Structure formats: C-alpha cells, structure tokens
Peer 1: 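Handing you a structure now.
Hydrogens, waters and symmetry mates are skipped; everything else that's a heavy atom, side chains included, is used. Naming: A, B, ... by sequence-line order, numbering from 1 per chain. Quantities reported herein were computed from a predicted structural model and do not represent experimental measurements.
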Amino acid sequence: MTPILFGRWQTRIFLLATIGLIVSLPLALGIIGPTPDGNFHPIFFWVVFWVGVLGLLWDILYNYLQQYLWDHDWPGAFQFFACIAEGIVLGLLLKFVGLPFIDRDVFDLPWFIVHYTAVSIIAYFLSWAVMRILFPRWRFRGGKWI
Amino acid sequence: MEIQLSWEDPTSGELFEPRLSAPIAFGREANQIPPTINDEQVSPIILASKQVSRFHALITANNGQLTIEDRSANGTLINGLRLTQSSQTLNSGDTIKLGAYEITVTIESMVNNVEATEVVIGEASATEFIVPSSTIVFNPETDILEAQAIIPQEISTPGRAFPPACFAAERVSIADINAAGLPIEESDYVGLGAGMGSFTWADTMRCFGVKAEQIVILGIEQKPYGRYQRLCQNSQIPAHERLRSGSDSCPDNIWGWPGYAWRESFKEFFRGQVSSSIKHLWQVFSEPVLADTYTPKSGDVFASVDREAARIGWEKMLRYGRFRAIRKTEDGRYVIAYSRTQGDRQDHRFLITRYIHMAPGYPAIKFLPDLQAYREKYRDFKSVVNAYEEHEHVYKQLITKGGSIIVRGRGIVASRIIQRVSEIRRQNSKVTVLHLMRSPKPEGNKFGVAQRKTENQWEFQPYNWPKGTWGGDMKKRLEEGSPVERQRLLTDWGGTTTADRSDWKQIVSKGLQEGWYAITFGKVARVEQDEQGRLVTYLESSNIKGESKLNADFIIDSTGLEAKPSESPFLNDLVTHYSLPLNPLGRLQVANDFELVEMRNDRARMYAAGVMTLGGPYAPVDTFLGLQYAAQCAADGLARARAPKASRLNGLGSFIQWIKWATNQTP
C-alpha cells in the first residue's frame, strides 16, 4: 500500500472505531475475559483508545521511514511487524508505567494479548478489503477516505 | 569548436542532439546561469531534475581542449566516476551523468562562432533538436503494427468530402450535419477507442449507474485487450508469462479487491497446488522487500476482462468505426465523424453526444532513428525489427541455425528477449546476444533519501513508475506540482528500468559469465549492410572500451518509444482545430481530473486517458491502474456535472456494486 500520513491516520481511526470496538464488545460486556461476570468493563474500549492515540504517533515514524524505500510504499510485511511492535510497547506501558483510564491493578496482560491480537489481525485483513470496497477512492488517495 | 551533446529524455525517451559551442552550462534554473563567461556567450542546457543543481556544471574550451567543471551538490559522473566541485578534461565520446540525465559528448570539428543556443527541456524551443520522427504505425484497418501501414485511400467525390466542409467551423450546426445526408446517431456517452482505456471507463460508468444502452464505444478492436495482447505476444509475453503489473491493478474490478494474487492463490489452493498458492500470497504480503513483486499472468488478466466485458454488456456498447474528427456543436454537444468504410463500400457516419471519454492509445511506436534509416535504405524489414512488431522469424532462425542478435534498449522487453534467448540456448547453444547501450549505468536514480537499485548495467524498479505515484505521497506531489515541478519529478522517478526479478538477474549474470551475453556501450553512427549482406553497426569513435564496428544477424529495437499526439491525424486535427494546449512533454494537457477543459461546450464535457496525458497530473497513465484512476476521475467529474444516471459511487452503494461484481450480476 502507498499511504500518506493523513491517510494512515484516517484509516486507523476508521478501523479502530468500527472493527476495533466491535471486536472488543465480547470482552467489554463481560461475555469472555478475565472476569466474565456479565458486567460492563470499559477498560477494553480504553485499550482501543490508546492503540489509536499512540498509533497516531507511530504513524509519523512509519511515514518517515517510508521515504527510505524507493517506491515510497508500505509493504504488508512492514504493516504486520509494526502491529507487533506497537502491541509490545503498549503492553509494557500499560503494565509498568500505566496510562490514564486504565488501572494498572485491573490490567490483565494475557487478556490484553488476546484482545490486541484479535483487533489487530481483523483490522489488518479488513484494511486490505473493506476500505477499498467501501471507499473506491481510498487507494488513490493514500488511505484518506474523507 | 563544435560540440554535439546527445541524450534521451528520461521520461519520454525522446532524443535530443544539440550542436553547441563551449562554454556550455548545465543547470536546473536558467536564471542561475550567467549569460557570458570570460566574455564568451554561454549555451545553457536546462535540465528538469531535482538531482540537478541550479548551476550544475560547466564545459569550457581552451586551446582545443575541453574541460568540465562540477559546481553541484550531488556531483557529476564522468564515465561513471564522480567529479565533485572540481575540474577535469573531457574527451570526445565521454559520458557525463547529471542527475537522471546521461549525456554523450562528441567533439564535432573545429568550427568557430557557432551561435549560442539555449535548450530548455520541456519547452517548445527544445523541439528543434528532435530528430525527424521515424515511426511504425497501427494499421487503421487491422490495428496490426506495421512498418508502412496502408492508409485506406478513400476516394472523395467532389462535394462529398468527409469530414464535411462544415467541420471547418469552430462550432458546427446540427442543420449542416443533417445536410450532409449521412447516418446520424445520438448517444448520452461516447468512449473513443475500443481498448483498455475505454473499457475501464465504461466499467466505472456502469458501476456508477449508467446503462449499457447509454454508452457507445467507437473503435476497431473486437476485444478490449486486442492490441495490448498483440503487443504482449510480439514482445515475448505469451498467456502464461507475467505482465509488469500489480496484483491490485485489475482492469476488471474498480475496487482492486480481490487482486490477481488472491484470485490465483485461491484457484491454486483448490487445485491442490498449495505451495504455489502460499507463495503468491507471501509475495503480495512481503513485496518488494522480502520477495519478488507479484505480477499476474497475462492470460489471467485477459480472461478476467472477458468476464467483466460480458457482465457490463461491452458488446452492446461497441460500435465498429474509425473516428476521424470531433467538433463542438452549436447546441452544446459534440459531433464525431467516423468511418466504417471497408474495401470499396464507403460508409461515413456521425455520432452526436454530450459526454466524451477519449482513450485512443498509442498512435504509433517509434523506431530508433538509425534503425529506421537502415530499414528505409535497404528495405530490409526482417533483420532489423522492433520488439513490438511480429518478429518470431528471428527466434525460429536462432533455434535452427544459431546466430547473434544485438538488443537495443534496457527495459522490460529487453529482459524478456534475453530470457527467450536463454531458453533458445537450451536447443541451440550457438546463440549470442550483444546488448548495446548508449552509456554505462554507474548508479541508480536518486530521489530524496532513496535510491534505485542497479546491477550489471540494468536498473530495477518493480513497475514502470515507483509505487508511490499510484496513490501515495508521490501521486499527491505530482498532482499539486507546477508544470516545471512535474517535469522534474517525472525525470527523477521515470527512466528505463526493468522488473527486479531474481530469475532475470540470474540469467544476465550467467550469460555474462558464460560469455553468450555481453554488454557494449556506444552511440550508433549508422547501421549498414556489408558486401555479404550482413548487418554492421558502426559506433561513433569514442574512448570508451569497445569495438567501433559490431556484427550481428539481427537487431531488435526494444526501446518501445511511443509517439506524440501529432503523429495521430485524429488528435492532430483536434489539437490544431481547437488550439488545445500541450503539456511540457508535448502530450494533451488535462486538468487534475483528466478533463480537456478547453473542449467544454456549454454542458458538454470531454475527458482523456492513457498515454496521451503523460506529463500531466498523474505518472502511470498508461498502466491498468492509471487507466482505472483516470476513469474514476472522469466518472466523478461526470457525476458532478449531473450527467444522465451517473451518480458518485461510495460507501454502501459501492459495497452493493461490489457484491454484484463478486456474484457476476449486471451492475
């Protein structure tokens, strides 16, 4: 893919606000998760929120690195490894530093891994297909859909 | 002292050969070059490249000796060796490289007082150095590429001229058209040209809600890919070979999903070819960094176009005819004069419409001038051939008798020819290839912090333009750039490259090692036949190592230069009649949405696509993806102009259309 910075941001926000929230529902509603008690656990939505906020910063880095590739493109493999790097950094931050809205005592690392992986993998595959099918101009506009 | 400089424009491949006297200054901006140096008038050469400094280098003459001085930030390469902020002597035959420009210097003779001449690439004044055109054209009846096409001689009886005399007007009245007494048809939309450009546009319009009955496609091809397929076959890409095109560049699917890699992988998986299936997915996942770039088989692409053509009702839209002229009408529409004449049966007609999309394709393919001169002198069309013409006889003779060929050009077609020869060598090992190049390739093009890869004098890039020009930051920059800026960007991103395929690189390395493939540099002076009727290529004397006389049984020109609009009588008429502006590359100037703004006629709109728009807002205009992009821009423009039944496709509507595509239902 050949994203531009605004395109990366718009696509990230779109995917997290749709797929990200849908995939988080079973955990947030307490159907599955560390405490499957049927109660509302907003922490999972906050995780998606932080994936998005930190992601906007990561995108600046990716956009910079992209200039070093002759084709100025962003291979699928890079997108995949970037997802893993982002997950590790966010996991470490939540576990050892803490971020607003997420209580470090409540944070459950194994379930974070499950949640993050599910969101990332589904968003990854859908970014190839859904964005193009819903927004036919998306691929020509560096990932901008607005 | 008269100096001849010679170079090919990196974007258009056009040859520039000005004869100048020293001092000669090279730079990016004319106002940074002093008009005189040591009281001598300077000949400025303005080069459009971001890698060229504002005042890059200077050639001076002193007592018959030329000196070149580098004044640039990036340096100048003299025969591949870098010169930075210093001077050295320059000899006849030396090659100097400034940014993407490779210029051969030839000292002509001792001539005094040659007037200083200014060369500005991309401006009209530069055209005086262009060699006379030498082209092979597509036969207007059969569309086959021929050395001398027989243009149908239409006998025009007095008073029955076609297009009629009323076409001399700026705007033609409908009454005058009626008075011609010829069949007239009306249609909401007309696509000119029945090739891939019109196909992608019609496909997009159909998905935007326009009915097949509203569109007429005028052309002579039966299949949208007819001409493309013939050029592929001649240039050694049969159905099972792969095109240089991306997985997502699908002319049969406006969304680009699923791409050809997914489809091929899916098909292979269910045939039990699991490893090949995984390989193709791995390619699209990791290209171009961890794997060779995926490219689809030409046969698969054509099959997919057939399916889509049936789905959108292509045959219903298609009308056989050779379009001759377009005029604006007094009632705010266009009239197209076209001919269906076959043999003696004269058949002229008119088509009236409000919306035109024009994608006539390449009017002709150019030959290298020295090869064209040879063909004209000796009337020998068998030993000197263009890679895009039918030239199977060359390979047949190589298989049976062995022999030697000279290949000119270092692009994708040259790669395919060398691959073919390596296959032939399994049957007959007495086959050799001499690759004749104008100058060495010491380093790849640079842009910003990135640089293109080179190996064994070949330069690599997955596709003919960097992928960023498809829809990324490079596309955005080009679209936003001024004409001069666009010219510079295209120079730095373009140029002749071949695909970074590991099998091709291996063939080249192996060929060099085993000696059946060799590379020679030099500028060709002329090609002749010797007493025995054998081909001889004479190189201009140079100090670069190599022979000055080369023998071969065949010469294949694989440079694949395309011609300008002026080579097409139809486009030439349109451009001159309406004084349409041309872009710096001499192609049609289009707006960012590919509209020919000067052709507006009240509500009537006209759009163009394809190679005729090169040098404008988009780089890969003659690729499948580029045609799709142009089609989308035009369709969006038509929807904005409230053209009948055209509505902008997005969101849910787009999803529904995609479902129809996936389930093969009419849009």
Peer 1: Under a 4.5 Å heavy-atom cut-off, does chain A meet the side chain of Y618(B), its backbone, both or neither?
Peer 2: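 Just the side chain, heavy atoms under 4.5 Å.
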Peer 1: I want to check something: taking the side chain as every heavy atom from C-beta on, are R648(B) and R137(A) in contact at a cut-off of under 4.5 Å?
Peer 2: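 Sidechains of R137(A) and R648(B): in contact.
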Peer 1: Where on F6(A) is there a heavy atom nearer than 4.5 Å to chain B: the side chain, the backbone, both, or neither?
Peer 2: neither
Peer 1: Do D248(B) and M1(A) come within less than 4.5 Å of each other through their side chains, counting heavy atoms only?
Peer 2: no
Peer 1: Return yes if some donor-acceptor pair links the side-chain N/O of K475(B) with the main-chain N/O of F140(A) below 3.5 Å, else return no.
Peer 2: yes
Peer 1: Is there a side-chain contact between W257(B) and M131(A) (heavy atoms, below 4.5 Å)?
Peer 2: no
Peer 1: Quick one, W658(B) and L134(A) - any side-chain contact, counting heavy atoms below 4.5 Å?
Peer 2: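 The answer is no; the side chains never approach within 4.5 Å.
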Peer 1: Do W128(A) and F285(B) come close enough that some side-chain heavy atom pair is under 4.5 Å?
Peer 2: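 A side-chain contact under 4.5 Å is absent here.
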Peer 1: Relative to chain A, which segment of L625(B) carries a heavy atom at a distance below 4.5 Å: side chain, backbone, both, or neither?
Peer 2: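 Looking at L625(B), backbone and side chain both touch chain A.
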Peer 1: State, to 0.1 Å, how close Q67(A) and A450(B) come at their nearest heavy-atom pair, and which atoms those are.
Peer 2: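 Taking Q67(A) first and A450(B) second, the nearest heavy atoms are O-CB, 3.6 Å.
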Peer 1: When rounded to the nearest 0.5 angstrom, what is the spacing between CZ in R141(A) and OH in Y629(B)?
Peer 2: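 Interatomic distance, R141(A) CZ to Y629(B) OH, rounded to 0.5 Å: 9.0 Å.
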Peer 1: Quick check on the interface: out of S286(B), G651(B), G259(B), who has the most heavy-atom pairs with chain A under 4.5 Å?
Peer 2: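 When all of S286(B), G651(B), G259(B) are compared, G651(B) has the most.
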Peer 1: Within a reach of under 6.0 Å around NZ of K97(B), are more than 12 heavy atoms found that belong to other residues, nucleotides or ligands?
Peer 2: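 Yes, NZ of K97(B) has more than 12 neighbouring heavy atoms, counting only those of other groups under 6.0 Å.
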Peer 1: Which of these, L69(A), D71(A), D73(A), T2(A), sits in a side chain to side chain contact (heavy atoms under 4.5 Å, CB included) with P466(B)?
Peer 2: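 Single pass found, and it is D71(A).
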Peer 1: Does F447(B) form a side-chain contact (heavy atoms from CB on, under 4.5 Å) with H72(A)? I'd like the steps, not just the answer.
Peer 2: CA-CA 10 Å; F447(B) 182 72; H72(A) 283 210; 4.0 Å; yes
Peer 1: Where on W74(A) is there a heavy atom nearer than 4.5 Å to chain B: the side chain, the backbone, both, or neither?
Peer 2: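 Neither part; nothing is under 4.5 Å.
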Peer 1: Does F655(B) have more than 12 heavy atoms from other residues, nucleotides or ligands lying within 6.0 Å of its CZ?
Peer 2: no
Peer 1: In this structure, are over 12 heavy atoms from other groups packed under 6.0 Å from F40(A) atom CZ?
Peer 2: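 Yes, the 6.0 Å shell around CZ holds more than 12 heavy atoms from other groups.
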Peer 1: In terms of heavy-atom proximity below 4.5 Å to chain A, should W282(B) be classed as side chain, backbone, both, or neither?
Peer 2: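 No part of it gets close to chain A.
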Peer 1: Could you check whether any side-chain N or O of Q632(B) sits under 3.5 Å from a backbone N or O of P136(A), counting only pairs where one atom can act as donor and the other as acceptor?
Peer 2: yes
Peer 1: Who among G143(A), G142(A), A129(A) has the most heavy-atom pairs with chain B under 4.5 Å?
Peer 2: A129(A)
Peer 1: Which region of K453(B), side chain (C-beta onward) or backbone (N, CA, C, O), has a non-hydrogen atom less than 4.5 Å from a non-hydrogen atom of chain A, or is it both or neither?
Peer 2: neither
Peer 1: Looking at K279(B), I want to see if its NZ is surrounded by more than 12 non-hydrogen atoms of other residues, nucleotides or ligands under 6.0 Å.
Peer 2: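 Counting other residues, nucleotides and ligands, NZ of K279(B) stays at 12 neighbours or fewer.
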Peer 1: Select one option (side chain, backbone, both, neither) describing which atoms of E287(B) are under 4.5 Å from chain A's heavy atoms.
Peer 2: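 The answer is the backbone of E287(B).
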Peer 1: Can you tell which of K467(B), K446(B), Q451(B) has the highest number of heavy-atom pairs within less than 4.5 Å of chain A?
Peer 2: K467(B)
Peer 1: Would you find more than 12 non-hydrogen atoms of other residues, nucleotides or ligands less than 6.0 Å from Y124(A) atom OH?
Peer 2: yes
Peer 1: Just verifying a value: how many Å separate S654(B) OG and W138(A) CH2, rounded to the nearest 0.5 Å?
Peer 2: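 One gets 13.0 Å once the value is rounded to the nearest 0.5 Å.
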Peer 1: Among the options K476(B), Q657(B), Q628(B), pick out the one with the most heavy-atom pairs lying under 4.5 Å from chain A.
Peer 2: Q628(B)
Peer 1: Report the distance from atom CE of M474(B) to atom CD1 of I4(A), rounding to the nearest 0.5 Å.
Peer 2: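 The CD1 atom of I4(A) is 13.5 Å from CE of M474(B), to the nearest 0.5 Å.
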Peer 1: Judged by modelled atom types alone, do Q461(B) and W70(A) share a side-chain donor-acceptor pair under 3.5 Å?
Peer 2: yes
